[in-house]
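Here is the structure we will look at, set down as structure tokens.
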Amino acid sequence: MYAQMITSEATQDDPEKLAAFQARIDAGEKIEPKDWMPAGYRKTLIRQISQHAHSEIVGQLPEGNWITRAPTLERKAILLAKVQDEAGHGLYLYCAAETLGVSRDELTEMLLDGRMKYSSIFAYPTLTWADMGAVGWLVDGAAIMNQVPLQRTSYGPYARSMVRICKEESFHQRQGFDIMMKMANGTEAQKRMAQDALNRFWYPSLMMFGPSDKESVHSEQSMAWKIKMNSNDELRQKFVDQTVPQAEYLGLTIPDETLAWNEEKGGYDFAEPDWSEFFDVLKGNGPCSVERIEARQKAWDDGAWVREARLAHAAKKRAAKVAAE
Amino acid sequence: MKQEWPLWEVFIRGQHGLSHRHVGSLHAADAEHAIQNARDVYTRRKEGVSIWVVPAADITASSPDDKGSLYDPADDKVYRHPTFFDIPDDVGAM
């Protein structure tokens with residue numbers, strides 16, 4: 001998902017405190033910033049929430065790529081609003097992470113020097129306008145699958161930021177599907193473009209949920225702590241079952257010849273994505289990995305004088321106010 | 001020396017007649033800047049009619065460890081709730 005391959009940190013705390021903590025979580029209580037929490041819980045959450053935040057911020061880049069070239073003024077305004085929402089989502093999440101005792105600058109630096117990751121999906125390019133449709137429909141659709149249950153996660157600030165995000169996310173998916181409908185019902189060339197976007201984004205979207213449960217050995221502790229609510233395969237299955245009929249409605253074909261309804265399990269059988277590609281992208285070898293971090297580094301460097309000037313201006317105003325009194 | 005913009009807690013009045021409610025936090029250089037940022041981060045969809053910003057460093061919070069001494073004394077004072085008293089039906093609404 002937006003947070004992939006998060007390993008639960010080992011915890012060496014007093015067993016009695018640990019048991020009391022687990023009991024609170026089992027009782028459905030929320031953990032708040034000043035409450036005692038195991039060191040592993042804190043560390044795992046910092047990494048998970050930050051990776052989620054970084055994904056929202058880096059996720060602005062593939063869509064920002066099309067703002068100046070949106071086909072109509074209305075589409076342009078909508079896309080701008082959507083990309084602005086992603087910035088907002090990043091900010092909600094950064095603030096949630098900061099309640100755990102890490103600073104915003106530290107988080108940014110860890111993204112830039114590769115100590116922290118962002119979702120693999122944003123390392124792929126957006127080549128045509130139809131990709132804006134596919135990203136909203138599939139990528140935001142996949143994100144919703146994960147984020148809706150996370151509204152019930154055990155850490156209060158994280159859960160509350162998820163509630164805000166989920167309220168806004170449904171606009172994102174719908175605007176994507178709206179673009180897809182327009183393209184799929186348009187000229188032959190537009191329909192081909194829509195199909196091509198689906199072809200390129202299908203497997204990377206499936207990868208968003210992370211590796212198969214068989215491979216994902218780290219989720220047990222996170223599930224117990226309620227910072228992971230569903231298994232990767234569970235959510236992936238749900239996503240496929242929801243998306244296939246939508247593709248049929250659009251008259252587009254999912255690029256998977258093995259895709260078939262399985263009456264027995266009440267869901268679709270489908271092909272796994274190429275996991276070696278996924279691990280390679282996570283390592284920073286995605287088609288746009290270098291470009292994405294370069295863009296973030298440039299924004300960080302170019303914004304330095306603004307950050308400093310704002311502080312200098314605030315200090316000057318404070319001094320003037322003191323002088324006036 | 002590198003310095004981060006301070007953290008502000010943001011409170012929004014959702015509608016006229018309601019109290020301000022904590023919605024989250026953000027970084028800003030000063031109060032005016034914090035209001036501008038709060039407008040962009042927390043009210044993109046008409047979520048409010050008024051914004052308060054407070055420097056996070058200026059908030060004093062009770063400690064979770066004091067939960068007992070702060071709230072337990074109310075446990076044995078159920079008579080503070082109107083339902084504690086049985087008023088006969090004949091008396092009518094009270």
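All figures in this text were calculated on a predicted structure; none of them were measured in a lab. Residue numbering restarts at 1 for every chain, and letters A, B, ... go by the order of the sequence lines.
- With a 6.0 Å radius and a threshold of 12 heavy atoms from other residues, nucleotides or ligands, A:Arg115 has its CZ atom above the threshold.
- Within the 4.5 angstrom heavy-atom criterion, atoms from both the backbone and the side chain of B:Ala61 approach chain A.
- When atom types are taken as modelled, the side chain of B:Tyr42 and the backbone of A:Gly88 share no donor-acceptor pair closer than 3.5 angstrom.
- Other residues, nucleotides and ligands place no more than 12 heavy atoms under 6.0 Å from the NZ atom of B:Lys67.
- Neither the backbone nor the side chain of A:Lys167 comes within contact range of chain B; no heavy atoms are under 4.5 Å apart.
- Counting heavy-atom pairs closer than 4.5 Å to chain B, the top residue among A:Leu311, A:Asp35, A:Thr99 is A:Leu311.
- The environment of A:Lys30 atom NZ is dense: over 12 non-hydrogen atoms of other residues, nucleotides or ligands sit within 6.0 angstrom.
- Contact of the B:Glu4 side chain with the A:Arg307 side chain is not registered, since no non-hydrogen atoms from C-beta on lie closer than 4.5 Å.
- Ranked by heavy-atom pairs shorter than 4.5 Å toward chain B, the options A:His313, A:Glu98, A:Glu308 are led by A:Glu98.
- To the nearest 0.5 Å, atom OH of residue A:Tyr94 and atom CG of residue B:Leu26 are 15.0 Å apart.
- Here the straight-line distance linking atom CH2 of B:Trp5 with atom CG of A:Asp105 works out to 10.5 Å at 0.5 Å rounding.
- In this structure, chain B has no heavy atom under 4.5 Å from any part of A:Ser161.
- For the pair A:Trp36/B:Asp65, no side-chain contact is recorded, criterion being any heavy-atom separation below 4.5 Å from C-beta on.
- Under a 4.0 Å N-O distance rule, the pair A:Glu168/B:Arg44 qualifies as a salt bridge.
- Counting heavy atoms from C-beta on, the side chains of B:Val23 and A:Arg164 come closer than 4.5 Å.
- Pairing each heavy atom of B:Ser62 with each of A:Lys34, the nearest pair is O-NZ, 3.6 Å.
- The minimum heavy-atom distance linking A:Cys95 with B:Ser25 is given by the pair SG-O, 3.0 Å.
- One distance of note links CG of B:Asp30 with NZ of A:Lys316; it measures 12.5 Å at 0.5 Å rounding.
- The pair A:Asp85-B:Arg45 meets the salt-bridge criterion, with a side-chain N (NZ, NE, NH1 or NH2) lying under 4.0 Å from an Asp/Glu carboxylate O.
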